Protein chains: 2
Amino acid sequence: MAEKETLVTVALTTEEKIKEAATKIFIEKGFAATRTRDIASEAGINLALLNYYFRSKEKLFEVVMTESLELFLVGLEEILNDVNTVLKDKIAGIAIHYIDLLKKHPDLPLFILTEIKANPSRLDDNVVVKEMLTQSNFYKQLEATTQKKVEPMHFIMNMLGVLVFPFVASPVLRGTAEQSKAEFDQLMEERKHWIPIWMEAMLKTLQA
Amino acid sequence: MAEKETLVTVALTTEEKIKEAATKIFIEKGFAATRTRDIASEAGINLALLNYYFRSKEKLFEVVMTESLELFLVGLEEILNDVNTVLKDKIAGIAIHYIDLLKKHPDLPLFILTEIKANPSRLDDNVVVKEMLTQSNFYKQLEATTQKKVEPMHFIMNMLGVLVFPFVASPVLRGTAEQSKAEFDQLMEERKHWIPIWMEAMLKTLQA
DNA sequence: CCCCCGTTTAATCAAATGATTAACGAAAAT
DNA sequence: ATTTTCGTTAATCATTTGATTAAACGGGGG
């Protein structure tokens with residue numbers, strides 16, 4: 001039994017197989033470039049089953065998008081609203097959390113950004129990111145630090161920029177090949193240490 | 001004559017009309033989601049003319065992508081290799097240059113990143129970004145500053161992150177509506193001033 | 001044993017889509 | 001004036017693509 005060879009035997013239902021295949025291909029190629037036949041083939045199932053379980057390509061995509069947003073945001077809110085940590089701790093926590101997440105799912109940010117831009121209503125139905133941020137304890141601590149000298153949103157952008165952008169830009173920054181995958185991951189690992197330091201340095205520029 | 005009403009009378013050739021329409025729609029929706037009929041309609045020409053002038057959707061796209069990459073990179077190389085400026089000047093120059101460019105073409109980065117990822121060979125034929133960076137005078141000055149204490153590529157990523165990411169993420173960060181377009185541009189304008197300061201602060205963390 | 005019902009399959013459909021063709025027109029060349 | 005060339009158009013083609021259908025399959029309950 002080939003299945004016994006893996007530690008936890010995977011016995012996916014047809015529905016799960018479709019969803020996993022769809023997640024892989026949608027995130028890799030985006031909604032418009034994805035063919036339902038490719039999903040069916042990747043899942044190893046008959047094309048009709050896709051419509052049998054999920055009604056349509058659109059509906060299936062919505063499931064994948066909702067779960068992707070959840071994956072991206074889960075764990076964030078509790079860090080943002082932890083009353084036991086100061087700003088620097090939260091920044092460090094976010095850095096570690098997201099670099100670990102994005103090393104596992106490097107395509108996730110570009111997927112979300114592209115599909116939200118293509119159809120902003122996808123976001124409405126799920127979460128309003130900006131509100132989640134601006135009403136957080138994190139944001140209040142940030143405001144206390146910036147003291148109205150500068151819009152706190154600048155530092156949200158800076159944080160997301162130094163944290164997420166390397167993954168978004170990696171296809172362009174890395175040479176074409178795979179050779180540098182390990183080096184890239186090594187760089188990202190280093191950034192867990194540096195990002196809190198850099199963020200603090202940027203925030204300190206206000207004291208001048 | 002309606003054409004006389006605009007200052008510079010626009011007398012676009014059919015080929016130019018197609019290219020402009022294609023540029024608009026490809027950048028807005030991406031290659032896969034773009035229909036040749038939409039381009040023809042936007043250009044106000046017969047569908048067959050698209051193939052008459054550009055052979056295929058693919059070939060037309062390549063023209064648009066090449067010009068987009070050029071638009072994104074033109075002006076950069078001369079800043080990077082200016083022998084009369086120090087690192088901080090170059091950073092300030094890059095910030096101003098790109099914020100002006102991206103205020104005009106906010107969709108450009110996401111377009112390039114998405115399409116390069118979908119088909120990395122598109123980059124080979126044009127430029128190798130990483131090499132252009134690492135062989136520049138800018139990079140040498142950066143290396144002189146970081147003094148092997150940390151990989152200079154970290155600061156390339158930081159610079160691009162704080163500079164470009166806000167535009168890439170704007171559909172997610174801004175509420176759905178248009179109401180905040182002006183506010184967003186105002187924030188970006190402020191960043192011309194702050195980015196050099198933030199970058200310097202991050203670079204100074206090495207002296208500790 | 002057989003019937004029922006959820007699942008699966010192969011075949012097929014209709015619409016969308018990129019591309020081509022043949023005819024037409026008009027301006028330039030002869 | 002006639003021919004040639006280039007641009008343009010409407011119609012059409014072949015393929016792709018999302019979706020549906022009717023039949024077959026197969027296990028559980030009666």
Side-chain angles (χ1 to χ4, degrees), chain A residues 1-3 9-68 111 114-115 118-119 121-122, chain B residues 1-3 9-68 111 114-115 118-119 121-122:
Chain A
M1 278 134 224
E3 292 182 351
T9 302
V10 274
L12 294 180
T13 66
T14 299
E15 192 172 348
E16 290 166 337
K17 280 192 282 185
I18 296 171
K19 202 168 70 182
E20 296 210 350
T23 300
K24 179 184 170 192
I25 299 188
F26 275 139
I27 291 183
E28 187 181 313
K29 321 228 293 185
F31 178 79
T34 293
R35 304 288 97 104
T36 54
R37 279 166 178 80
D38 294 338
I39 295 175
S41 164
E42 171 80 25
I45 53 97
N46 186 287
L47 173 60
L49 290 176
L50 189 152
N51 296 90
Y52 178 80
Y53 283 104
F54 293 92
R55 301 286 300 169
S56 70
K57 180 191 176 187
E58 265 286 354
K59 291 274 193 351
L60 175 55
F61 180 81
E62 281 168 26
V63 171
V64 170
M65 174 54 81
T66 299
E67 294 198 354
S68 296
F111 169 70
T114 303
E115 300 298 339
N119 193 346
S121 68
R122 303 202 189 293
Chain B
M1 301 186 170
E3 292 180 350
T9 302
V10 273
L12 293 180
T13 66
T14 299
E15 192 173 347
E16 289 167 339
K17 280 193 282 187
I18 296 171
K19 203 168 69 180
E20 295 209 351
T23 300
K24 179 183 171 191
I25 299 187
F26 275 139
I27 291 182
E28 186 181 313
K29 323 230 285 188
F31 177 80
T34 293
R35 303 288 95 106
T36 53
R37 278 166 178 78
D38 293 338
I39 295 175
S41 163
E42 171 79 24
I45 54 98
N46 186 285
L47 173 59
L49 289 176
L50 188 152
N51 296 90
Y52 178 79
Y53 284 104
F54 294 94
R55 303 284 302 170
S56 69
K57 180 189 177 189
E58 265 284 355
K59 291 274 191 357
L60 174 55
F61 180 82
E62 282 168 26
V63 171
V64 170
M65 173 54 79
T66 298
E67 294 199 355
S68 296
F111 169 70
T114 303
E115 299 298 340
N119 192 346
S121 67
R122 300 201 190 292

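No hydrogens, no waters, no symmetry mates; every other heavy atom, side chains included, goes into these values. Chain letters run A, B, ... following the sequence lines, proteins first and then strands; every chain starts at 1. Computed from a predicted structure; not experimentally measured.
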Residue whose closest nucleotide on DNA chain D lies nearer the 5' end, A/Arg55 versus B/Tyr52 = B/Tyr52
With the side chain defined as heavy atoms from C-beta on, B/Ser56 is closest, among C/dT9, C/dT20, C/dA19, to C/dA19
Nucleotide D/dT17, atom P - distance to CD of A/Glu58 in whole Å | 17 Å
State whether the number of non-hydrogen atoms from other residues, nucleotides or ligands found under 6.0 Å of A/Lys19 atom NZ is greater than 12.
-> no
Side chain of B/Ser68, backbone of B/Val64: donor and acceptor closer than 3.5 Å?
-> yes
Just checking A/Thr13: base, sugar-phosphate only, or nothing, at a heavy-atom cut-off of under 4.0 Å?
-> nothing
If you look at every heavy atom in B/Ala40 and B/Leu47, which pair is closest and at what distance?
-> CB-CA, 3.8 Å
Interatomic distance, B/Arg37 CZ vs D/dA11 C1' [rounded to whole Å] = 12 Å
What pair of heavy atoms forms the shortest contact from A/Leu60 to A/Ala22, and how long is it?
-> CD2-CB, 3.6 Å
Parallel, tilted or perpendicular: which describes the rings of B/Phe61 and B/Phe26, with under 30° parallel and over 60° perpendicular?
-> perpendicular
Whole angstrom is fine here: how far is it from CG in B/Asn51 over to P in D/dT9?
-> 14 Å
Using a cut-off of less than 4.0 Å, is there contact between a side-chain N or O of B/Thr14 and OP1 or OP2 of D/dG7?
-> no
What is the distance, rounded to the nearest whole Å, between atom NZ of A/Lys57 and atom P of D/dT20?
-> 15 Å
Remember a base hit wins even if backbone is also touched, and classify B/Leu50 as base, sugar-phosphate or nothing at under 4.0 Å, heavy atoms.
-> nothing
Measure from OH on A/Tyr53 to P on C/dT9 and round the result to the nearest Å.
-> 10 Å
Rounded to the nearest 0.5 Å, what's the gap from CD on A/Glu67 to CD1 on A/Ile27? Could you check?
-> 9.5 Å
Rounded to whole Å, CZ of A/Phe54 lies from P of D/dA19 at a distance of 13 Å
Phosphate OP1/OP2 of D/dG18: any A/Thr36 side-chain N/O under 4.0 Å = yes
Length of the line joining B/Leu49:CG and C/dA19:C1', which is rounded to integer Å = 13 Å
note: A/Leu60, atom CG; D/dG18, atom P; distance rounded to Å ~ 11 Å
Between D/dG18 and A/Arg35, is there an OP1 or OP2 to side-chain N/O distance shorter than 4.0 Å?
-> yes
Does A/Asn46 place a side-chain N or O at less than 4.0 Å from the phosphate oxygens OP1/OP2 of C/dA10?
-> yes
Considering the terminal five base pairs at each end of the helix from C/dC1-D/dG30 to C/dT30-D/dA1, what angle separates the two local helix axes, rounded to 10°?
-> 20°
Non-neighbouring partners of A/Lys24 that pass salt bridge (Lys or Arg N to Asp or Glu O under 4.0 Å), sequence neighbours left out = A/Glu42
